[in-house]
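For the single chain, residues carry numbers from 1 onward in sequence order.
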Amino acid sequence: MANQSMDILAKVLEQSAKIMEEQVDAQLSKLNEMDDDDLERLKEKRLEALKKSQKQKQEWLSKGHGEYREIASEKDFFGEVKESKNVVCHFYKSSTFRCKILDKHLAILAKKHVETKFIKLNVEKAPFLTERLRIKFIPTLALLIDGKTKDYVVGFTDLGNTDEFSTETLEWRLGTADVINYSGNLMEPPSTAQKSSSKFTKVEKKTIRGRGYDTDSDDDDD
């Protein structure tokens with residue numbers, strides 16, 4: 001039975017290799033048939049696409065993309081959202097420990113995904129906005145496309161329900177909402193075995209029970 005399975009696998013691999021070889025041959029044949037003018041047009045087309053891509057990147061950077069920034073007030077929020085198609089806004093509270101965890105991951109993703117604006121806003125400075133967007137738990141990420149809130153990431157439930165989630169896991173979650181250009185498999189999150197490249201230094205956290213917004217319900221550290 002094992003030999004039969006190996007034979008089947010070998011045939012599948014052989015067929016796959018043959019298909020890839022045929023595709024490569026077809027591409028080479030197509031290139032060989034091109035004359036100098038065709039090759040020059042192809043080169044110009046690719047150069048134009050590169051220039052367009054660089055222009056788009058510079059436009060994003062000019063609008064504050066490429067870095068994770070804090071905005072001062074809810075009034076600034078509307079201007080930031082209006083000028084960018086894709087926005088991730090972290091509604092945070094300085095006393096909430098898990099907000100600091102999100103900060104680290106968002107700073108990494110802001111540099112990687114310049115197509116999206118990454119900002120943060122202190123809920124204590126935005127009472128009207130937190131009410132309007134129904135922000136009840138902190139941390140919450142509001143994911144906006146074309147000025148409209150498409151999705152929320154509330155706490156760490158969607159991130160494996162652990163403080164030790166990886167940046168890749170958060171990246172995948174944002175990808176499922178189409179708020180970033182995600183190149184991985186959206187059907188399933190990255191392996192839970194993947195850990196952040198660096199460990200967080202444990203920071204003493206004090207949870208004041210009974211106050212709005214805080215989601216940290218663990219006991220206080222000794």
Side-chain angles (χ1 to χ4, degrees), residues 20 23-92 101-121 139 141-153 158-159 165-191 194-198:
M20 291 183 64
Q23 291 176 343
V24 171
D25 288 343
Q27 290 293 327
L28 290 174
S29 178
K30 186 176 180 180
L31 286 173
N32 289 332
E33 292 173 359
M34 288 184 174
D35 57 24
D36 291 341
D37 290 339
D38 291 330
L39 291 173
E40 188 62 30
R41 281 193 292 270
L42 179 61
K43 181 179 178 181
E44 289 178 358
K45 185 177 181 180
R46 290 181 175 177
L47 183 60
E48 187 63 31
L50 180 60
K51 289 181 179 179
K52 185 177 180 180
S53 176
Q54 289 298 320
K55 183 179 179 181
Q56 177 65 84
K57 183 177 180 180
Q58 289 302 317
E59 182 180 344
W60 283 329
L61 294 176
S62 70
K63 293 179 178 179
H65 294 225
E67 60 178 334
Y68 179 47
R69 299 178 292 112
E70 179 165 8
I71 56 177
S73 68
E74 55 191 0
K75 181 179 179 181
D76 295 325
F77 171 86
F78 295 104
E80 295 280 359
V81 169
K82 183 178 180 180
E83 68 178 9
S84 295
K85 177 180 176 61
N86 301 319
V87 178
V88 174
C89 184
H90 175 198
F91 287 87
Y92 83 98
I101 296 175
L102 268 181
D103 283 341
K104 178 179 184 298
H105 294 295
L106 292 171
I108 294 171
L109 292 177
K111 293 179 180 179
K112 181 176 181 180
H113 290 280
V114 294
E115 74 276 6
T116 301
K117 178 180 288 183
F118 288 80
I119 54 178
K120 62 187 293 189
L121 177 60
L141 299 181
L143 314 182
L144 302 102
I145 298 178
D146 291 326
K148 297 180 180 180
T149 306
K150 180 176 181 180
D151 201 356
Y152 294 94
V153 179
D158 294 347
L159 307 173
F165 66 88
S166 66
T167 303
E168 290 77 15
T169 298
L170 177 57
E171 182 180 28
W172 166 82
R173 178 61 182 84
L174 299 181
T176 63
D178 292 327
V179 75
I180 62 171
N181 296 336
Y182 186 70
S183 59
N185 180 12
L186 288 173
M187 299 304 293
E188 59 181 1
S191 171
Q194 275 187 317
K195 299 296 181 181
S196 301
S197 57
S198 60

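- For the residue pair N86 and E115, the shortest heavy atom distance occurs at ND2-O, 3.8 Å.
- Shown here for F91 and A142, the closest heavy-atom pair between the two residues is CE1-CB, 3.7 Å.
- Across H105 and I101, no two heavy atoms sit closer than the pair CD2-O, 3.3 Å.
- Listed by first then second residue, pairs satisfying salt bridge (charged side-chain N to carboxylate O under 4.0 Å, His left out) with a partner in residues 66-76 read R69-E80, not counting sequence neighbours.
- Note: L121 CG to I71 CD1 = 4.5 Å, rounded to the nearest 0.5 Å.
- Shown here are the side-chain hydrogen bond (donor to acceptor under 3.5 Å, both in side chains) partners of K111, two or more places apart in sequence or in another chain: there are none.
- Between N185 and Y182, the closest heavy-atom pair is N-CE2, 3.7 Å.
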Q | side-chain contact (heavy atoms from CB on, under 4.5 Å) evaluation trace for F77 with V87 | A | CA-CA 10 Å; F77 171 86; V87 178; 5.6 Å; no

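- In terms of the side-chain hydrogen bond (donor to acceptor under 3.5 Å, both in side chains) criterion, residue partners of E59 (sequence neighbours excluded) are, by chain and number, K63.
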Q) Going through the distances and angles, do L102 and Y92 end up as a side-chain contact (heavy atoms from CB on, under 4.5 Å)? A) CA-CA 9 Å; L102 268 181; Y92 83 98; over 6 Å; no

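- For the atom pair CZ (R173) and CG (L186), the distance works out to 11.0 Å, reported to the nearest 0.5 Å.
- Looking at residues two or more places apart in sequence or on another chain, you find a side-chain hydrogen bond (donor to acceptor under 3.5 Å, both in side chains) between E83 and K117.
- Nearest heavy-atom pair, G147 versus V81, reported as atom, atom and distance to 0.1 Å: CA-CG1, 3.5 Å.
- Interatomic distance, OG of S84 versus CD1 of I145, reported as 12.5 Å (0.5 Å rounding).
- The aromatic rings of H65 and W60 lie parallel to each other, their planes meeting at an angle below 30°, with 60° marking the opposite boundary.
- Listed by chain and number, the residues in a salt bridge (Lys or Arg N to Asp or Glu O under 4.0 Å) with K150 are D178 (sequence neighbours excluded).
- Taking 4.5 Å as the limit, every side-chain heavy atom of E171 sits out of range of all side-chain heavy atoms of L174.
- Residues L106 and L170 share a closest heavy-atom pair of CD2-CD2, 3.9 Å.
- The line from OH of Y152 to CG of L144 is 7.5 Å long, rounded to the nearest 0.5 Å.
- Qualifying side-chain hydrogen bond (donor to acceptor under 3.5 Å, both in side chains) partners for H90, counting only residues two or more places apart in sequence or in other chains: Y68, D103.
- The distance from atom CG of N181 to atom OG1 of T116, rounded to the nearest 0.5 Å, is 6.5 Å.
- In this structure, the separation between SG on C89 and CG on L143 is 10.0 Å, given to the nearest 0.5 Å.
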